[in-house]
Amino acid sequence: MSSDAADDRIFKALAAPTRRAILDELKNRPQTTGTLCEKFPALDRCTVMQHLKVLEAADLVIARREGRERWNHLNPLPIRGIHERWIGAYAAQAVDLLGRLKKDLEG
C-alpha cells in the first residue's frame, strides 16, 4: 500500500483532464515528448512538459533519454495501487450490499 503523500500526488495528477489524456496516449506504447506535443496542438511544449513533470512526480510516467529524444513510458503500478487500496475495497463492499438487498427483496 502506498503512503498518503504518494496517493495525494497520484490523485492530483489524475485530476487534470489533460494529464489523463496524456496517460491514455501512453497506454499502448511509449512516446517521445515531441510526439505528445503534436497530439496536443492547443498546448505549447512548455505546458506539455509541465503536465509530464506532474505525472513523473506521481510516478505515473517514467522518462528515459535516448540521444536527443525523451521517451515517456506509462507506469501503471501506482494506478493499480490506488485500485487495490480504494476502488477494489469499495466495489467489493457495494457488491455485498447489493447482494444483501437482493436477498431481502426476494424474501
Side-chain angles (χ1 to χ4, degrees):
M1 184 167 56
S2 59
S3 70
D4 289 340
D7 285 353
D8 289 347
R9 284 190 298 273
I10 294 166
F11 282 118
K12 176 187 174 190
L14 294 174
T18 300
R19 290 193 284 270
R20 292 192 306 269
I22 290 171
L23 292 176
D24 284 341
E25 290 295 331
L26 296 174
K27 187 170 34 177
N28 294 320
R29 67 185 184 287
Q31 296 186 42
T32 64
T33 301
T35 301
L36 288 171
C37 290
E38 290 171 6
K39 295 189 177 183
F40 297 92
L43 304 176
D44 61 32
R45 184 177 183 86
C46 184
T47 302
V48 172
M49 290 291 296
Q50 287 174 338
H51 284 297
L52 286 169
K53 183 176 179 180
V54 173
L55 291 168
E56 282 184 80
D59 201 29
L60 293 166
V61 168
I62 299 169
R64 300 281 183 245
R65 284 197 124 351
E66 291 182 21
R68 295 183 63 190
E69 294 182 320
R70 182 178 186 269
W71 284 87
N72 302 283
H73 301 257
L74 173 67
N75 179 13
L77 293 178
I79 295 171
R80 181 177 180 174
I82 291 293
H83 180 271
E84 289 173 356
R85 165 63 177 94
W86 293 97
I87 299 165
Y90 287 100
Q93 184 179 19
V95 169
D96 184 51
L97 287 171
L98 289 173
R100 283 188 279 162
L101 176 62
K102 181 179 185 266
K103 181 180 173 186
D104 290 346
L105 290 174
E106 291 175 344

Roughly how far, to the nearest 0.5 Å, is [atom2] of [Y] from [atom1] of [X]?
X	Y	atom1	atom2	value
T18	H51	OG1	NE2	4.5 Å
E69	T32	CD	OG1	5.5 Å
H83	L77	NE2	CG	14.0 Å
L14	L55	CG	CG	8.0 Å

Look at atom CZ of R20 and say whether more than 12 heavy atoms of other residues, nucleotides or ligands are closer to it than 6.0 Å. yes

For a side chain to side chain contact (heavy atoms under 4.5 Å, CB included) check, start with the C-alpha distance between L23 and V61, then their side-chain angles and the critical distance, and finish with the verdict. CA-CA 8 Å; L23 292 176; V61 168; 3.9 Å; yes

Are any side-chain N or O atoms of [X] and backbone N or O atoms of [Y], one a donor and one an acceptor, separated by less than 3.5 Å?
X	Y	value
N75	I62	no
R19	K12	yes
E25	K39	no

Evaluate the side-chain proximity of [Y] to [X]: yes if any heavy-atom separation is below 4.5 Å, no if none is.
X	Y	value
L26	L36	yes
L60	V54	no
T47	F40	no

Closest contact, heavy atoms only, [X] versus [Y]:
X	Y	result
A57	R9	O-NE, 3.3 Å
A13	A58	CB-CB, 3.8 Å
E56	A63	OE1-CB, 3.7 Å
R45	G34	NH1-CA, 3.7 Å
L74	K27	CD2-CA, 3.8 Å

If hydrophobic clusters are built by linking Ile, Leu, Val, Met, Phe, Trp and Tyr wherever their side-chain heavy atoms come under 4.5 Å apart, do [X] and [Y] end up in the same one?
X	Y	answer
Y90	I10	yes
L98	L105	no
V48	W71	no

Could you walk me through whether N72 and Q31 pass side chain to side chain contact (heavy atoms under 4.5 Å, CB included), step by step? CA-CA 5 Å; N72 302 283; Q31 296 186 42; 5.7 Å; no

Carboxylate-amine/guanidinium proximity below 4.0 Å for R100 and D96: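 Yes.
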
